Amino acid sequence: MTIETSNQCMTAAAAKALLQQGLSCQVNSDLPPQFQVGDLVQAKVVHPATYTRLPRYVRGKVGTVMQDHGVYVFPDTVGQRLATKPQHVYSVRFSAQALWGQAAPASDALYLDLFDDHLEVP
Amino acid sequence: MTTHHHRPESEIALRVKAIESLLVEKGIVDPAALDTIIEHYEHQVGPHVGAQIVAKAWVDPDFKRRLLADGTGAIAELGLTGFSSEHMIVVENTATVHNLIVCTLCSCYPWAILGLPPTWYKSLAYRSRAVIEPRSVLAEFGLVLPDTVEVRVWDSNADLRYLVLPERPDGTDGLSEEALAALVTRNAMIGTAKVQPPSAPTPIAA
């Protein structure tokens, strides 16, 4: 399955509509989430040669699911024009110490939005 | 008569011009569409949009509740949504929590709410250092936070865009929503600054 991209020249009216209405990446779907709020999750240790929204600094790290944002198209495959592959996106909290070691302030944290395909059970 | 010196255009400006004229010539880009987009970001959107949202949240507790629970919906109530702000999360700065926004992978930013990002937001230094040493980065912006404040860094790596709801400064009780909005800076809505109280009026016969 490949995603076709239009080569049509964008009109001024289409540009105006896009600026005002935006372009939703959310998908209406009853796809069940793989994780629940409160779950501990681990970012996968993968090194794709292709496009990914999984930052290198978080790979292998364990965090907590804080919120389920709903279902979105998956940029890692959309970026290659392969498939929309809709899935849940979660706000995941990682403590600064989990990411950067004991020298980081114990109170501080980093929040990332990660897709089902980026995560596994630790 | 003064001599007028024309500085040669920068390499990047020349390159953009060359690409643009090629795209137009080949019929891939309509110059009218380009003008629409440029006009939009030069004159329509900018930090004043975000400042309007922040000021409303400061004066209207019900709106603030909706804004923090569902940023996208609350901002849509004001008709202020748009491209690159389709899915909004608003995070609140308090006496104990300070939020900072970054995009480590590129430079994702709520364009419809804050306009185009400042150059430093797109720099490799900000993008890499904001996640690993946010307190040092904030200190360089002139904001030193005590250890009692929890720093939360939000890396906008997916399709959600972030807006910081800064703390309302002291001494602003009597101000109108419009006067409050005038105090709110772009950096305060990214999290690299606090909103400063209005400066005391200068006496006429100082």
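A quick note: this is a predicted structure, and the numbers were derived from the prediction, not measured. Throughout, protein chains are lettered first and strands after them, A, B, ... in sequence-line order, and every chain is numbered starting at 1.
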So does A:K44 have more than 12 non-hydrogen atoms from other groups sitting under 6.0 Å from NZ? yes
Ignoring hydrogens, what is the shortest heavy-atom contact between B:D147 and A:S107? Give both atom names and the distance. O-OG, 4.1 Å
Contact part of A:P55 toward chain B, heavy-atom cut-off under 4.5 Å: side chain, backbone, both or neither? both
Okay, A:Y57 and chain B: the region with an atom under 4.5 Å from a heavy atom over there is side chain
Looking at every heavy atom in both B:V131 and A:W100, which two are closest together, and how far apart are they? O-NE1, 3.1 Å
Atom CG in B:L160, atom OG in A:S91: separation rounded to 0.5 Å? 8.5 Å
Show your reasoning for whether side-chain contact (heavy atoms from CB on, under 4.5 Å) applies to A:F115 and B:D159. CA-CA 11 Å; A:F115 292 74; B:D159 296 303; 4.2 Å; yes
Heavy-atom side-chain contact between A:P105 and B:V151 under 4.5 Å: no
Taking the side chain as C-beta and beyond, is there a heavy-atom pair between A:R93 and B:R152 under 4.5 Å? yes
Counting heavy-atom pairs under 4.5 Å with chain B, which one of A:T11, A:L54, A:L18 comes out on top? A:L18
Out of curiosity, B:E150 CD to A:S95 OG, how far, rounded to the nearest 0.5 Å? 10.5 Å
Examine whether an atom of B:V149 lies under 4.5 Å from a heavy atom of chain A, and if so say whether it belongs to the side chain, the backbone or both; otherwise answer neither. backbone
Hey, which of A:L114, A:D108, A:L99 has the most heavy atom pairs under 4.5 Å with chain B? A:D108
Heavy atoms of other groups near B:D62 CG, more than 12 under 6.0 Å: yes
Any donor-acceptor pair under 3.5 Å from B:N157 side chain to A:D113 backbone: yes
Chain B contacts, top residue of A:A14, A:A15, A:C25 (heavy-atom pairs, under 4.5 Å): A:C25
Whatever's closer than 4.5 Å to a heavy atom in chain B on A:V73 counts as backbone
Which residues in residues 103-130 of chain B have a heavy atom less than 4.5 Å from any heavy atom of chain A? B:T104, B:L105
Show every donor-acceptor pair shorter than 3.5 Å between a side-chain atom in residues 22-42 of chain B and any protein atom, with sequence neighbours excluded, or say none if there are none.
{"from": "B:D30", "atom 1": "OD1", "to": "B:A32", "atom 2": "N", "distance (Å)": "2.9"}
{"from": "B:T36", "atom 1": "OG1", "to": "B:A32", "atom 2": "O", "distance (Å)": "2.8"}
{"from": "B:E39", "atom 1": "OE1", "to": "B:Q44", "atom 2": "NE2", "distance (Å)": "3.4"}

Shortest non-hydrogen contact from B:H87 toward A:S24: CE1-OG, 3.3 Å
From B:I89 CD1 over to A:H69 NE2, what is the distance, rounded to the nearest 0.5 angstrom? 4.5 Å
